[in-house]
Amino acid sequence: MTTEFPHLYPSASRIAALSAEERILRIRADRWVSYPRAEAALAKLETLLSFPERARMPNLLLVGESGMGKTMIIEKFTRDHPSSFDDTTGRLHMPVVAVQMVSGPDETRFYRRILAAIGAPEPPRATLAVLESLALRLLTELRPHMLVIDEIHSLQAGTIREQARFLNMLRFLGNELRVPLVCVGTAQARNALRTDDQLVRRFEAFALPPWQDGADFTGLISTLMRSLPLRRESEIDEKALSRMIKVTGGITSGIFSIMSQLAIAAIESGEERILSRDILGGDRLQAVLGEPV
């Protein structure tokens, strides 16, 4: 079957046939773009999810600078493993429970976050003991296979004693539920976890380093170009790729933002493609980057 825009993926090709306004809206929306390191992270998560239950479960620390796509990987993984309702038992099964870390090591607020994540009402004026008991009971009923804590580096907002108490609570949850813990955060997350020697020994670190020149980055840009609904094939050479890494510091969100905004500019101008000159100091790149604050 032929396509009107053979330089695009089939899904992007269908969008490319839409109006300029509709295409710009699609470009601005969040979307998953696959690349090898992200797929390797998803494979790690899949291994943990299917890990057989035992007394001490393995854990994972997904670490990288802000903007490297850690949260998008977790969101993609959670979408791939949605909740399901068992008509026979009348119970809801939630394979992955994902919680964003509170602004500091506060157990009471964290248990409230868990209850919100699983859609459970919070009892009024509940003590920490009541919240802990309720969260454990409901989690046991939901039978999760993984507990994900995003922004774990926020632990460092507390004192050493508060951090130790909070990590002890996480270790307790992992032991009681017999599920892997996945902590997601910046490089400071490593230091935060080291407060608890017993817990940190169970963690394997998986890093998402900033992009550098090479085949992986070329592949990422090629994937992006095939997923952006432009009606003409974009042309970006090695010099332009190096410039993009320099401008963004190799941070994924910055790279995606530049490519998306250049694509929007290409639609609005009628050019319908991104060229190397747009990145190598042209007016378009300056418009994308804006003035320094």
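Starting from 1, each residue takes its place in the sequence as its number.
A distance of 11.5 Å separates CZ of Phe5 from CD1 of Ile15, quoted to the nearest 0.5 Å. Atom CE of Met68 sits about 10.0 Å away from atom CZ of Arg37, to the nearest 0.5 Å. Residue His153 holds its NE2 atom at 11.5 Å from CG of Leu61, rounded to the nearest 0.5 Å. One finds the CG atom of Leu262 at 12.0 Å from the CE atom of Met225 (value rounded to the nearest 0.5 Å). With values rounded to the nearest 0.5 angstrom, Leu193 atom CG is found 7.0 Å from Leu155 atom CG. Taken to the nearest 0.5 Å, the CD1 atom of Ile27 stands 7.0 Å off from the CZ atom of Arg31.
The 12-atom threshold is exceeded at CZ of Arg171, counting heavy atoms of other residues, nucleotides or ligands nearer than 6.0 Å. A 6.0 Å sphere centred on CZ of Arg56 holds no more than 12 heavy atoms belonging to other residues, nucleotides or ligands. The environment of CZ in Arg190 is sparse: at most 12 heavy-atom neighbours from other residues, nucleotides or ligands sit within 6.0 Å. Within 6.0 Å of the CZ atom in Arg54, the count of heavy atoms belonging to other residues, nucleotides or ligands exceeds 12.
Taking each heavy atom of Ala98 and Thr78 in turn, the nearest pair found is CB-OG1, 4.3 Å. Residues Ser276 and Asp237 share a closest heavy-atom pair of OG-N, 2.7 Å. Smallest separation of non-hydrogen atoms from Ile152 and Ala189: CG2-CB, 3.4 Å. Nearest heavy-atom pair, Ile267 versus Pro229, reported as atom, atom and distance to 0.1 Å: CD1-O, 4.4 Å. The two atoms that bring Ser83 and Leu92 nearest to each other are CB-CD1, 4.0 Å, heavy atoms only. Minimum heavy-atom separation, Phe110 to Val102: N-CG1, 4.1 Å.
Side-chain contact between Asp216 and Trp211: present, with at least one pair of heavy atoms (C-beta onward) separated by less than 4.5 Å. Taking the side chain as every heavy atom from C-beta outward, Leu131 and Ile114 never approach each other to under 4.5 Å. Contact annotation: the side chain of Arg202 never approaches that of Met57 to less than 4.5 Å [non-hydrogen atoms, C-beta and beyond]. Residues Ile221 and Leu241 form a side-chain contact, since some pair of their non-hydrogen atoms from C-beta on lies under 4.5 Å apart. Under the 4.5 Å side-chain criterion, counting only non-hydrogen atoms from C-beta, Val99 is not in contact with Asp150. Side-chain contact between Ile24 and Glu268 is present, with heavy atoms from C-beta onward closer than 4.5 Å. Contact annotation: the side chain of Glu65 never approaches that of Thr186 to less than 4.5 Å [non-hydrogen atoms, C-beta and beyond]. Met146 places none of its side-chain heavy atoms less than 4.5 Å from the side chain of Val179.
Not a single donor-acceptor pair under 3.5 Å links the side chain of Ser222 to the backbone N or O of Thr218. Under the 3.5 Å distance criterion, the side-chain polar atoms of His7 are matched with a main-chain donor or acceptor of Leu230. Side-chain atoms of Glu176 never come within 3.5 Å of backbone atoms of Leu173 as a donor-acceptor pair (strictly under, hydrogens ignored). Glu53 places no side-chain N or O within 3.5 Å of a backbone atom of Arg178 that could act as its donor or acceptor partner. Listed for the Thr223 side chain is a donor-acceptor partner under 3.5 Å among the backbone atoms of Gly219. A donor-acceptor pair is defined here as one N or O able to donate and one able to accept, closer than 3.5 Å; such a pair exists between the side chain of Asp278 and the backbone of Leu275. With Ser257 contributing its side chain and Ser253 its backbone, the two residues share no donor-acceptor pair below 3.5 Å. No donor-acceptor distance shorter than 3.5 angstrom exists from the side chain of His93 to the backbone of Pro144, with no hydrogens or angles considered. At least one donor-acceptor pair under 3.5 Å links the side chain of Lys70 to the backbone N or O of Gly64. Between the Asn59 side chain and the Leu181 main chain, a donor and an acceptor come within less than 3.5 Å of each other.
Electrostatic pairing of Arg23 and Glu272 counts as a salt bridge here, judged by a charged N lying under 4.0 Å from a carboxylate O. Residues Arg231 and Glu4 are not paired through a salt bridge, judged by the lack of any N-O separation under 4.0 Å between the basic side chain and the carboxylate. Between Glu141 and Arg137 there is a salt bridge, since at least one side-chain N of the basic residue sits less than 4.0 Å from a carboxylate O of the acidic one. With respect to the salt-bridge test (charged N to carboxylate O, under 4.0 angstrom), the residues Glu233 and Arg273 do not qualify.
Between His81 and Phe77, the two ring planes are tilted [angle within 30° to 60°].
The hydrophobic clustering, which links ILVMFWY residues whose side-chain heavy atoms are closer than 4.5 Å, places Leu128 and Leu139 together. Under the 4.5 Å side-chain heavy-atom criterion for Ile, Leu, Val, Met, Phe, Trp and Tyr, Val97 and Phe51 are members of distinct hydrophobic clusters. Hydrophobic clustering places Ile118 together with Phe172 (ILVMFWY residues linked when any side-chain heavy atoms are closer than 4.5 Å, directly or through intermediates). When hydrophobic clusters are built by joining Ile, Leu, Val, Met, Phe, Trp and Tyr residues whose side-chain heavy atoms come closer than 4.5 Å, directly or via intermediates, Tyr9 is not grouped with Leu220.
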Please report the C-alpha distance between Val182 and Ile149 in whole Å, then the side-chain angles of each, then the deciding distance to 0.1 Å, and finally whether the side-chain contact (heavy atoms from CB on, under 4.5 Å) criterion is met.
-> CA-CA 6 Å; Val182 175; Ile149 304 101; over 6 Å; no
Going through the checks in order, is the side-chain contact (heavy atoms from CB on, under 4.5 Å) test met by Val63 and Leu208?
-> CA-CA 6 Å; Val63 61; Leu208 294 170; over 6 Å; no
Show your working on side-chain contact (heavy atoms from CB on, under 4.5 Å) between Val148 and Leu45 and close with a plain yes or no.
-> CA-CA 10 Å; Val148 180; Leu45 293 169; 5.8 Å; no
Let me see the working for Val130 and Thr127 under side-chain contact (heavy atoms from CB on, under 4.5 Å), right down to the final yes or no.
-> CA-CA 5 Å; Val130 169; Thr127 63; 3.3 Å; yes
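No side-chain donor from either of Glu151 and Ser154 sits under 3.5 Å from a side-chain acceptor of the other.
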